[in-house]
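Below: the structure, in structure tokens.
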Amino acid sequence: MTTRNTAKTGFEKWQDGINKAVGDSKWNSLDCEIQIATNEYNRHLSSTTGYIALDWQLIKAMVWVETGAESPKWTSNPMQIGNPGDPGLQSLLSSKEGGDLIIPPAWRNLLTAGTATTLPSHNIRAGIGYLLMRLANYSIKSVLDADQAIYEVTVKPGDSIAKIANERSSTVEIIKKLNPAAHILKTGQLLKYQKAKLKKVITGWAMITSSSVASKYNVGDSMYARKLDYCLILIRSGKTTTCTQ
């Protein structure tokens, strides 16, 4: 009786290629850069509400899914962020979506559209930054200036709390907090205020899972989460590269 061989699916063919990566030093050549970059983000964001340290091996798995070591992209943009038509890099660098809060201070001026698409160390940091930017929850809040002194202002005819806040570089929230009884302003009334600004702040984080990474970072590959899990198992079962931080 003749047995017919079943043709391999696209995912199975992909698995065959990834299986060959195990033990191949080329596929581990970015380990130290990934570890260092991940640690930079973890230190920078550790004080934000609900942040759980990012696993560098998850980022390595993303790199394996995004770009194989045999691809020219491995030595330029291994996380694929910044490819033509991809708005992710611009979103991160524009500071309009929270990227300025996510990127470590030391990298805010170093990370550019040019370096992030040509240098793997920069592309890895851009990729991590974009992922975390998409996973963060934000809110607009009153943030006190470094000068936390309490000042007083006399209410003039036509004044409102919003007008005073604007003129005195404060916020409505801060003035109301310092003057809880000031429901209706009266001319000659003294109001307390502190210097403050309305700023976007990080208020929490979405859980980091293969599914959340797939939905926040990748567009179009329905198998992304499954690929990520497969790579992560292989990476965690292999030898860990020891790097000097």
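Computed from heavy atoms alone, side chains included, the values below leave out hydrogens, waters and symmetry copies. Here, residue 1 is the first one in the sequence, and each next residue gets the next number.
- Side chain of Asn42 to main chain of Ala53: no donor-acceptor pair is present (N/O by atom type, distance under 3.5 Å, no hydrogens or angles).
- Contact annotation: the side chain of Ile208 approaches that of Leu135 to within less than 4.5 Å [non-hydrogen atoms, C-beta and beyond].
- The nearest pair of heavy atoms linking Asn123 to Ile81 is ND2-O, 3.0 Å.
- A donor-acceptor pair is defined here as one N or O able to donate and one able to accept, closer than 3.5 Å; no such pair exists between the side chain of Gln189 and the backbone of Val155.
- A cation-pi geometry, defined here as NZ or CZ lying under 6.0 Å from the six-membered ring centre and within 45° of its normal, does not hold between Arg125 and Tyr41.
- Qualifying salt bridge (Lys or Arg N to Asp or Glu O under 4.0 Å) partners for Asp159, counting only residues two or more places apart in sequence or in other chains: Lys156, Lys163.
- No continuous path of hydrophobic side-chain contacts links Tyr230 to Ile233 [ILVMFWY only; heavy atoms under 4.5 Å].
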Take Cys231 and Ile18, measure what side chain to side chain contact (heavy atoms under 4.5 Å, CB included) needs, and give me the verdict at the end.
CA-CA 7 Å; Cys231 287; Ile18 290 295; 4.1 Å; yes
Take Leu30 and Lys60 through the side chain to side chain contact (heavy atoms under 4.5 Å, CB included) test and state the conclusion after the steps.
CA-CA 8 Å; Leu30 296 174; Lys60 179 177 179 178; over 6 Å; no
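- Among residue pairs with one or both ends in residues 201-210, those qualifying as side-chain hydrogen bond (donor to acceptor under 3.5 Å, both in side chains) are Thr48-Trp205, Thr209-Ser212, Ser210-Asp229; sequence neighbours excluded.
- No donor-acceptor pair under 3.5 Å is formed between the side chain of Thr154 and the backbone N or O of Gly188.
- Think of Val143 as one node in a network of Ile, Leu, Val, Met, Phe, Trp and Tyr side chains linked at under 4.5 Å; its network also takes in Val201.
- Counting side-chain heavy-atom gaps under 4.5 Å among Ile, Leu, Val, Met, Phe, Trp and Tyr, Leu119 is found in no cluster with other residues.
- Applying the salt bridge (charged side-chain N to carboxylate O under 4.0 Å, His left out) rule to pairs touching residues 179-204 yields Asp145-Lys197, sequence neighbours excluded.
- Within the 4.5 Å cutoff, side-chain heavy atoms of Ile124 are placed close to those of Pro78.
- Here Lys73 pairs with nothing under the salt bridge (Lys or Arg N to Asp or Glu O under 4.0 Å) rule; sequence neighbours left out.
- Residues that satisfy the side chain to side chain contact (heavy atoms under 4.5 Å, CB included) test with Pro105, not counting sequence neighbours, are His44, Arg108.
- With hydrogens and angles ignored, the 3.5 Å screen pairs no side-chain donor or acceptor of Asn218 with any backbone N or O of Ala214.
- Salt-bridge formation is not detected for the pair Arg226/Asp221: no Lys NZ or Arg NE/NH1/NH2 atom is positioned less than 4.0 Å from an Asp or Glu carboxylate oxygen.
- In this structure, Lys227 forms a cation-pi arrangement with Trp14, its terminal cationic atom sitting closer than 6.0 Å to the ring centre and no more than 45° off the ring axis.
- No more than 12 heavy-atom neighbours from other residues, nucleotides or ligands sit within 6.0 angstrom of CD1 on Ile52.
- Taking CD1 of Ile161 as the start and CG of Asn179 as the end, the distance is 7.0 Å to the nearest 0.5 Å.
- Listed by first then second residue, pairs satisfying side-chain hydrogen bond (donor to acceptor under 3.5 Å, both in side chains) with a partner in residues 88-97 read Ser91-Glu97, not counting sequence neighbours.
- Contact of the Leu58 side chain with the Ile235 side chain is not registered, since no non-hydrogen atoms from C-beta on lie closer than 4.5 Å.
- Of the possible donor and acceptor atoms, one in the side chain of Thr38 sits under 3.5 Å from a partner among the backbone N and O of Ile34.
- Listed by first and then second residue, the salt bridge (charged side-chain N to carboxylate O under 4.0 Å, His left out) pairs involving residues 8-23 are Lys8-Asp16 (not counting sequence neighbours).
- A heavy-atom distance below 4.5 Å is not found between the side chains of Thr171 and Ile175.
- Trp74 has its side chain within reach of Ser29: a pair of non-hydrogen atoms, C-beta onward, lies under 4.5 Å apart.
- Residues passing the side-chain hydrogen bond (donor to acceptor under 3.5 Å, both in side chains) test with Asp100: none are found, sequence neighbours excluded.
- Applying the 4.5 Å side-chain rule to ILVMFWY residues, one finds that Leu190 remains a lone member of its cluster.
- In this structure, the side chains of Glu66 and Tyr217 come closer than 4.5 Å at one or more pairs of heavy atoms.
- Proximity of a side-chain donor or acceptor of Trp56 to a complementary backbone N or O of Ile36 within less than 3.5 Å is not detected.
- When each of Thr118, Asn83, Asp86 is paired with Asn77, the side-chain hydrogen bond (donor to acceptor under 3.5 Å, both in side chains) condition holds for Asn83 and for no other.
- Not counting sequence neighbours, the partners of Tyr151 by the ring-ring contact (aromatic ring centres under 6.0 Å, His included) test are Tyr193.
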